[in-house]
Every structure is written in structure tokens, then in C-alpha cells.
Amino acid sequence: MQALTLSVTDWIIIIVYMAASLFTGLYFTKRASSSVSEFFLSGRNLPWWLAGTSMVATTFSSDTPLYVTGLVRTHGIYENWQWWCFILSGMMSVFFFARLWRRLGVITDVEFIRMRYSGTSASILRGFKSLYFSVAIHTIIKAQVILAMAKILDVSMGWGKWESIFISSGITIAYSMLSGYWGVVTTDFLQFIIAMAGAIVLCFASVDKAGGIHAIREALNQNVLSFFPPASEGFIGPAFLTFLGYVGLSWWSKYSSDGGGVIVQRMSSCKDERHSFLATFYFNIANYALRTWPWVLTALASIVLYPEAKDHEAVYPQMMVDLLPSGFRGLMLASFFAAFMSTLSTYLNLSSAYFVNDFYRPFIRKDAQERHYITISRIATLLLSLLTAIVTYHVTSIIGVFKFLIAFGSGTGLVYIIRWFWWRINAWSEISAMVTSTVMTIVVYVHPALTSSPYYAKLGMIISVSTVVWFIVTLITRPSDRTLLIEFYKKTLPGGPGWKTIREFAGNTNQGSPLTDVLIEWAYGCLFLIGLMFSAGKLLLGYTLPGIIWFILSMIAGGLLYRRISAQGWLFIK
Amino acid sequence: MDTWRFIDTGYNRAAYNMAIDEAIAAAVRTHDAPPTLRLYGWNVPSVSIGYFQNIRDINLDYCREKHIPVVRRISGGRAVLHTASEITYSFSIRTDQGIFSNGLLESYRKISSALSLALTNIGLLPEIKNVRGNNNSPNVYEMYRSPVCFQSASFGEIHISGHKVIGSAQKRWTDCLLQHGAVPLIIDREALVNIFRLKQNNEYLYQGLHGINPGLKPDEIKHAFRNAFQEVFAVCFTDSSLLCHELSAAEEFENTKYTSSSWTFRIQAGG
């Protein structure tokens, strides 16, 4: 396999990018040192476009284009429903949760527990989740991000991969540690532009080399180009059933169904709930309608150019080596570093936030000065980075532990949604959901009679058993303290009948938005976004009429949505 | 009623498709799998050449330029240009007893009758060719010399209105047979002419099913194949997927055989 040769221009581009990231990040060191809120949330003062760009930059990791290339090459465009199904939860974050999280005013999503549940069970849950995310899950995510970057550099450069990762990680750790969230979001903005530029350049080069979009369309099997899986006549095929599993179960059953730590941190850092709403909305548009197509088109071109390649994911960096001229190779390599660094910096900052805000501060040292917590945050960032390095080094020997830890939380999504809309949910509901789903996940993946079940059947079993268990546990355990619930209700104003009892105690006539209204907005939002994404895809693939039809559908849904949203008021909470 | 296996593996790269066919036949031979009908497709236009065929029959420069993979089959016969809109079948069954124990031509005829019924059931009028040669051809000599499967006529093959619509080839072991064949929906005539260095006036002998009925849907054709095999052989199919050891065998066949130059270029005389 040919390795990448870099010209002086390529090197200059990479060095300028690295220097720009470092200086942009370090610029905010002084400002980040003033308070914990500044260090983890930029003083809750971010405009929607900066918070939204940070959301999309973080979820754009260096291996995301490789993952999409693998999906398209092995199944077809429709296999992207594996992640497109999260449009439904993304839009739920926009219409149901963006306002609520901002009103709640937390630093992390784990802090929700303090404001919503009472008693020892709540303290145990918060302490456990803070360590589970900061020490376990985020370490795994960071290790995976580093290993993915190593794979990319292995294919593209073939030399110096660990040195490159050491330098780029060092820069990222430096600005994450010193300038906190300010450094993270501002570099995210720069890094997202670079990362997208690289993806678009490679898309043009690969499509051109494959003979243009019409030549690609003619060469490929029609199933590859389909946006939906083939539903065979007479019997529904496994591809279609898997698709139904994605759109019917996956999106609401994940532990991040009400936003997830990364998105919640960015919602909370916005100026007000309007900016929180707009940031999340913009993130979803950029994430699905904008980001999808350069990768998908590149993947389609790769089938024509490398039809016999067996490592489907490695084809993406290989195309960078084979197709890009001098100068653009530097840009593309910088784009991989940008995607890598934006994801790494976010998880470094958020891990530290979980550790300090949800473990150290409530359980180790409660009433210290802000400077003390900032120092501890910086030390935590550094120590958690060292832990990530150790885990990355030993990754093959602890892969079983990884799988076990990831098993926590799959299938618990429903309880995280309902906790906002039913006062009766308590800490035991979450604990029982987590324990049951973990046990069930292990059972369905280990038990000989169940291991061969398809994905959607496994997920269905996990969800149904854990839902029954947490529902029964909720009913037989004591609800949270009424004073706390009234306070939570007054602060967030969740709509719907699930808070009727507490609303009466609160004597509050403001009932929040009716859930039926929010559901209609969610449906319009989903149609708007899916229509926009499909219209872009169809037009780029040269299917003009379907592209126009999807666009019109999207605009109708968008128009109806705009009319409803613009008629609503906003609570401006600083 | 016996139960056979039906697998739709979707589209794949050329070498892997051939490797899967061989892996299935191996599993059938060792009694690890029942008789199996597999339907599949090709991720991009690809050329498969017969086991005994000279690789020089193919314009390799053109294939390289157009990123068209070339793979050598385990079965005999001549070269096929598989387009991405083709439906390909493979059928593996033991031959040491039962209805397939009477030699190549007889097994060919039986499978052809199932293929023919499938086409009849989707409204076409197929005929099974029971003699070699084509009296309507203006150039019978050219036809026999042609390196292209669809340019030649063999016993038991399926024609519609004088055009060959399914090209098949068979590999026989002492105890098992593997027959696979191509059902093109459209024909890329320009690519055919360039890949096989054909004369333009030879094109008329073959036809894609969409040339006969443009409204035919791939799923409809696949369904017809499945039903026709069940009806002709009086069996019942279970929908299935590849077994674990078939998958690992396919991977090994692909790595060690179908992607190796020593296999693909094993006959390259006259270059």
C-alpha cells in the first residue's frame, strides 16, 4: 500500500493548523480561570452558532467518515439509518429538552439527579454515574478515538503515527486543561471548518476520478443507491427488519435519549433557552443534512474505484493518499487532526466536569473557593488523560471490560425521557433500569439460545424487560421529596399530565407547553430535517425531480414549524 | 417434502461472490448444509472468466482503466460481464444419489426447467435450448469461437425470441455440483464490445430481461426463482444466511484463491 508523501506546502498547512488550534485555545486561559462556570460552561454566555458548531464538531470524530464509508460499501446508502435514526432523538432534544435543560441550569447532565431526586439513593446514583462516565465510559471513548486516529495515520502516513498522536493530543490536553470549555468551543469552530473542508475536497476528487456522479450511478447496484432498504415482495428481508429496529427502537432506547452529556453541556452553556433551542436545532441540521453527503458520495465513488477492497473503512484514508495533490493532502491530514482534536478536547473537559462537579465537590470537599475547584479540574484533566493513555496502551487485553462497561445503559432511554414528564420517577427507577438492562444485555449476548437473534430482537428483549422492572420498582418505592419536586417543577415547567399532582401543590398556573403541541413540533421538525437531508442527497446524486419533491415537503414542514415556534414565548433565564 | 436452503446474500465484490459459492458447495459436500439456492448481485460491473479460459480473451487494460474487477470462476464456460443490475444464482447439491446423479447434461436440463418456469411465471416465453448451435445466427463459426458466455449457445440454456437470457456454468465433483448463472436485466453493449474485443454486429445474440419487459422488478424475479425451484423439485425452502464456517471459508477462499494472481492468471497463453 502506497504511503502519503507530504510536500513543504502540506507541512506548512498542518503546522499552521496546529499552531492556530493551540493559540486559539490558550487565548482564553485567563478568562477560564475565574470560576467553575467559566471553566466548564463559558459563563453560560455562548451564542447558538458557537454552541451548535461545537456540538457538531464533537460528534464528528476522525473515524466517522470511515464508519460511513463502511456502511455504504457493505450495504448501501440506506444503512446510514444506523445513525440517521437519531434524527428522531435529535429533534426530541430540540423540541422537548433544549429549553428544559437550559432552564434547569446544570453544569452536567448527571447534576440532574441532585435537582430531581432526593435521598441516599440519589447520592449513590450521582456518585456512581459521575465516576462511571468520567473514569470508565469517557476513557473508553477517548481510547477509541485515539486508536481510530492511529489507524488512519497507519493507512495514510505509514510512519510516525504515535509521535503525531502524541503531539496533537499534547496540544489538545494543553488548551483543554488551561482554557477549559472556552478553549474547547472556540477551537471546535476552527476545527469543524477544517474538517468539513477536507471532507468536501476528497469528495470532489473521488467523484471526479470515478467519472462523475452519473458514471457512478450507472456502475453501482441500484440497492446501493437506495435511501431505504429493499423490502422484498412476499417476505420482509432482514435488511428491512433491521431498519425497522433502528427507526422503531434504537433512537429512544439509548441512555442519551434526552440529550446526552456532550449536548447537555452545550445547551447549558448557551446565553438563554432560545439560544439553547437554536444551537440544538442548528446542530441537527449540520449533523445530518450538511455532513452526510460529502462522506456518502466519497463512499460511492470508492466502490467504483476500489471495488475489491476488503477493509472498507481503510479505503477512505487510502483515497486521500491516492487522489489528492500536494497541498490538499496537508489540508486533508489537518482535517483528520481537527476532527480528532475536537472530539478529544470535549471529552477531556466533560470528564473533568463530571469528576469535579458531580463527585469531588459534593462528596470530597464541599465548600472550597472557586480557584480550588479550577485547580482540581485541571489536575483531573491531566490525570484522566494519563489514564486514557494507559488504557489505550493496554486496549487489547481489557476489551472484555470495555464491552461490560458499555452494556450499562443500553435500553434505559425510556426512563431518561419519562423522568422529565412524570413526577413519580425516582432514583431507584434509574438504578433498576441500569442494572436490569446490563444483566439483560449480557444475557442476550452470551446465552447460547439468544446470541444468534437479530439485533432488533435483542434490543426488544432488553428494553421490554428493563421497562417492566423499572416501572414496578418506581411504583413500590417512595417518590422524591415533595419540596424538591415542586422546586424542580417551578424551575423547568415541563408540560403534560404527569406533573398534575405536583402542579397542584405548587399552586402554579403556568403549565408549560402542552405535550401534544411539542409532539406536533417534533413531527414537523423530523419531516423538515429528513426532507432537507434527502433533497440534498437526491439533487447531488442527480435525481432532480425526487430532490425537488423532498425539498418542497421539507419547506412545507419548515414553514408550519416556523409559524408555531415564532408564536411562542421564551423564558430568558441567565 | 425435503427442506432446502434459500439465501439472498445481496451484492458483493467479485472475488467474494465466487468465494461464497465455493464455500457453500464445500458445506453441501460435507453434509454441513442442505442443497442451497443462493441469489446475489455485484457491487460494480465485474468480469468472471471460466476455469479453463485464457485471461488474454479479456481486454485487461480496458478493465483496469474502468475499474472493472476480473475474477476466475471455479466452473467452466466462457466469460461473463456481470453488471450491477444483474441477478445471479448459484445452486449447490450433492450428486451421489437422487435426481442429480445422472450426469452433467441431465442436471443442467433439470435446473434449466426450474429457471424456465421462473421466467414463465413472470410472464415471459422462454425456451430451453436442447441442441448446440443457432440456425438463425448469420455467423455460427464466430459464435462458437466467441469468448463471451452470452455470445454462445449451449445445451439446456434459456432463450427468449432467439436471444440468450441466462448464461450458466457448472462445476462437478464426484459427489456434488455447483451451478451458477447470470440473469442480466440490462446489457452494457459498449463495455462488452470493449472488454471482449467484439465486432459490433455480434451483439444481437443476447438480451437483458429489461429489454423484453422493462417493468420487471428484481424482487419479483428473485421471488419467481425461489418458487420455481420449490415447484420443480418438490421441496420447501427455508430462508437462511451463511453459516459461520461458510463465512470463514469464503474469507479464506477469497484471500488465498480468488484475489491471487496465480489463480486469475493461471491460463494466459498467447499474450
A.B. asks: Walk me through whether Arg64(B) and Asp61(B) qualify under salt bridge (charged side-chain N to carboxylate O under 4.0 Å, His left out).
C.D. replies: CA-CA 5 Å; Arg64(B) 263 191 288 272; Asp61(B) 290 336; 3.2 Å; yes

A.B. asks: Report, by ascending residue number, the residues of residues 538-550 of chain A in heavy-atom contact with chain B at a distance under 4.5 Å; give 'none' if the set is empty.
C.D. replies: none

A.B. asks: Do you know which of Gly41(B), Gly10(B), Ala15(B) has the most heavy-atom pairs with chain A at a distance under 4.5 angstrom?
C.D. replies: Ala15(B)

A.B. asks: Do Gln230(B) and Trp4(B) come within less than 4.5 Å of each other through their side chains, counting heavy atoms only?
C.D. replies: no

A.B. asks: With a distance cut-off below 6.0 Å to the six-membered ring centre and an angular limit of 45° from the axis, does Arg226(B) pair with Phe237(B) as a cation-pi contact?
C.D. replies: no

A.B. asks: With sequence neighbours excluded, tell me which residues meet salt bridge (Lys or Arg N to Asp or Glu O under 4.0 Å) with Arg197(B).
C.D. replies: none

A.B. asks: Is Arg13(B) close enough and on-axis enough to Tyr306(A), meaning under 6.0 Å and within 45°, for cation-pi?
C.D. replies: no

A.B. asks: Which region of Ala215(A), side chain (C-beta onward) or backbone (N, CA, C, O), has a non-hydrogen atom less than 4.5 Å from a non-hydrogen atom of chain B, or is it both or neither?
C.D. replies: neither

A.B. asks: Side chain, backbone, both or neither: which part of Thr259(B) has a non-hydrogen atom closer than 4.5 Å to chain A?
C.D. replies: side chain

A.B. asks: How many angstroms lie between atom SG of Cys85(A) and atom CG of Asn80(A), to the nearest 0.5 angstrom?
C.D. replies: 11.0 Å

A.B. asks: At a heavy-atom separation under 4.5 Å, does Asn12(B) approach chain A through its side chain, its backbone, both, or neither?
C.D. replies: neither

A.B. asks: For the ring pair Trp84(A) and Tyr78(A), is the centre-to-centre distance below 6.0 Å?
C.D. replies: no

A.B. asks: To the nearest 0.5 Å, tell me how far Ser90(B) OG sits from Asp21(B) CG.
C.D. replies: 3.5 Å

